[in-house]
Undergrad: 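Encoded as structure tokens, here's the structure I'll be asking about.
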Amino acid sequence: MSPIKLVVIAILLYIGYRLLIGDWKKKGAEKSEQHSDIPRSEKVADVLVEDPVCHKLVPRQQAIRLKHKKDIVYFCSEKCCDLFVSQQGDKE
Ligand SMILES: [Zn+2]
């Protein structure tokens with residue numbers, strides 16, 4: 001066997017090895033991407049907010065939103081929202 005053949009075999013083995021590892025790494029990356037696919041903002045948005053009327057804690061995504069002055073106020077229900085608005089007096 002000539003030394004050139006050995007070198008060619010070594011290169012082929014190396015390329016095959018790299019392809020194998022590359023493919024494997026790709027799959028690993030895809031998997032981890034799927035894991036991180038859950039948006040973190042969604043988790044953050046699932047924060048509990050306090051209803052200022054009945055002081056119940058409500059998940060922000062389900063809460064009734066009301067823009068009050070510069071803030072956004074969250075309520076457990078439209079009833080609380082209405083109550084809050086009526087409690088705010090005649091302003092606006
Ligand atoms: Zn409420």
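Because the structure is predicted, anything quoted here is derived from the model rather than measured. In listed order, ligands and their atoms are each counted from 1. Keep in mind that the numbers below use all heavy atoms, side chains included, and drop hydrogens, waters and symmetry copies. Residue numbers run from 1 in the order of the sequence given.
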Undergrad: Looking only at non-hydrogen atoms, find the nearest pair between P59 and L48 and report the distance.
TA: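 Here P59 and L48 meet closest at N-CD2, 3.5 Å.
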Undergrad: Heavy atoms, side chains only, cut-off 4.5 Å: are Q88 and H68 in contact?
TA: yes
Undergrad: Does the side chain of V58 come within less than 4.5 Å of Y74's, by heavy atoms?
TA: no
Undergrad: Would you say CD1 of I4 has more than 12 non-hydrogen atoms from neighbouring residues, nucleotides or ligands within 6.0 angstrom?
TA: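 It does not: I4 CD1 has 12 such atoms or fewer within range.
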Undergrad: Do side-chain atoms of D51 reach the backbone of C76 as a donor and acceptor pair under 3.5 angstrom?
TA: yes
Undergrad: How about the Zn ion (ligand 1), which protein N, O or S atoms come within less than 2.8 Å?
TA: D51 OD2, C54 SG, C76 SG, C80 SG
Undergrad: Can you list every pair that meets side-chain hydrogen bond (donor to acceptor under 3.5 Å, both in side chains) and has a residue in residues 11-20, with sequence neighbours left out?
TA: Y14-R18
